[in-house]
2 protein chains.
Amino acid sequence: MGMVQFVHPPREDITLAGVLAALADPMRLRIVKSLLERKDCMSCTEAAPCPGMAKSTLSNHFRVLREAGLIQTSKKGVEHRNVVREADINARFPKLLKTILGMADEG
Amino acid sequence: MGMVQFVHPPREDITLAGVLAALADPMRLRIVKSLLERKDCMSCTEAAPCPGMAKSTLSNHFRVLREAGLIQTSKKGVEHRNVVREADINARFPKLLKTILGMADEG
DNA sequence: TCAATAGTTCACTATTACTGAACTATTGAA
DNA sequence: TTCAATAGTTCAGTAATAGTGAACTATTGA
């Protein structure tokens, strides 16, 4: 009871609109970029390069990314580890992630 | 006075977040796709394949696309003609438009 | 001059995002 | 064990944003 359960949509339920909406927020774009650069899992606070932000806001951003199918979250001890679902996104929308993330610096 | 003036950001002010946010709405994605397929200018009601929608909502969608730098609107008689700013978007974010629009069917 | 058409603007409501506070879960130490 | 610390979620309230009908502007054409 009260046990946290994460919602991860199956690959086929990932929508373009959902992915774009998730990445349309600069903070979330930075989180995904940060996760991709490190390749390995990262905790929420690690992945979010924005110290001033409220914990609840951060938590909400990760939920949005999760429900859009962009990241996979799993529990590891006291923290939650996140990875980008590269294979799923690339299968569904080839090159989309690479194209968007490759531009995330100058935009 | 009361004369409608359109806001068109210069190329360098077009942001990735703005473009993604604009395209994250399914209706707006369809509008852009519709505009691109026809190549020539289209009026707002022509470009929007959604008869049930309120005029004010439609007008707002075009405003969002315009302010994101995705479309250029000009007055032609009683109607407003719209074109996708392909050159500007492609200069700013190469292949982004093609990548996203190419997936807009199955997502 | 009047009606029709195309779209915008306004004011209102409905939905969504941000936040602090309270809560759950896990670890590690006394 | 118990207690404090850490990581993150959930909740409730407010702030910001989107959708809508109604009123408005502008243009055409009879």
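Lettering follows sequence order; numbering is per chain, from 1.
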Ser59(B), nearest nucleotide to its side chain (from dG19(D), dG7(C), dA6(C)): dG7(C)
Candidate nucleotides dG8(D), dG7(C), dT19(C), ranked by approach to the side chain of Ala54(A) - the nearest: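 The nucleotide sitting nearest to the side chain is dT19(C).
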5' precedence on DNA chain D between Thr57(B) and Glu79(A) (nearest-nucleotide basis):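 Its nucleotide being nearer the 5' end, the pick is Glu79(A).
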Whether His8(B) side chain and Thr73(B) backbone form a donor-acceptor pair below 3.5 Å: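 Indeed, once roles are kept as given, a pair shorter than 3.5 Å links the two residues.
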Short side-chain N/O contact from His80(B) to OP1 or OP2 of dT27(D), under 4.0 Å: no
May I have the distance from [X] (atom [atom1]) to [N] (atom [atom2]), rounded to whole angstrom?
X        : N       : atom1 : atom2 : result
Phe62(B) : dG7(C)  : CZ    : P     : 8 Å
Leu58(B) : dT20(D) : CG    : P     : 11 Å
Lys55(A) : dA21(C) : NZ    : P     : 12 Å
Leu65(B) : dA18(D) : CG    : C1'   : 14 Å
Arg66(B) : dT8(C)  : CZ    : C1'   : 9 Å
Met53(B) : dA6(C)  : CE    : C1'   : 17 Å
Lys76(A) : dG8(D)  : NZ    : P     : 14 Å
Phe6(B)  : dT8(C)  : CZ    : C1'   : 9 Å

Looking at every non-hydrogen atom in both residues, tell me the closest pair between [X] and [Y] and how far apart they are.
X        : Y        : result
His61(B) : Met27(B) : CD2-CG, 3.8 Å
Leu16(A) : Phe93(A) : N-CZ, 3.3 Å
Ala22(B) : Leu70(B) : CB-CD1, 3.6 Å

Derivation and outcome, side-chain contact (heavy atoms from CB on, under 4.5 Å), residues Leu36(B) and Glu86(B): CA-CA 9 Å; Leu36(B) 274 176; Glu86(B) 268 193 277; 3.4 Å; yes
Within the 6.0 Å centroid threshold, strictly below: Phe6(B) and His80(B): yes
Could you go over nucleotides 10-17 of chain C and give all protein N or O partners under 3.5 Å, atom names and distances?
none

Single-linkage hydrophobic cluster, 4.5 Å side-chain cutoff, Leu35(B) and Val64(B) together: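 No, no single cluster joins them.
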Check: Arg81(B)/Ser74(B) side-chain N/O donor and acceptor closer than 3.5 Å: no
Nucleotide pairing, DNA chain D (Watson-Crick or G-U, distances under 3.5 Å), in dot-bracket with [ ] and |: ||||||||||||||||||||||||||||||
Name of the residue among Ile100(A), Leu101(A), Thr99(A) meeting side-chain contact (heavy atoms from CB on, under 4.5 Å) with Met103(A):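 So the option named by the test is Thr99(A).
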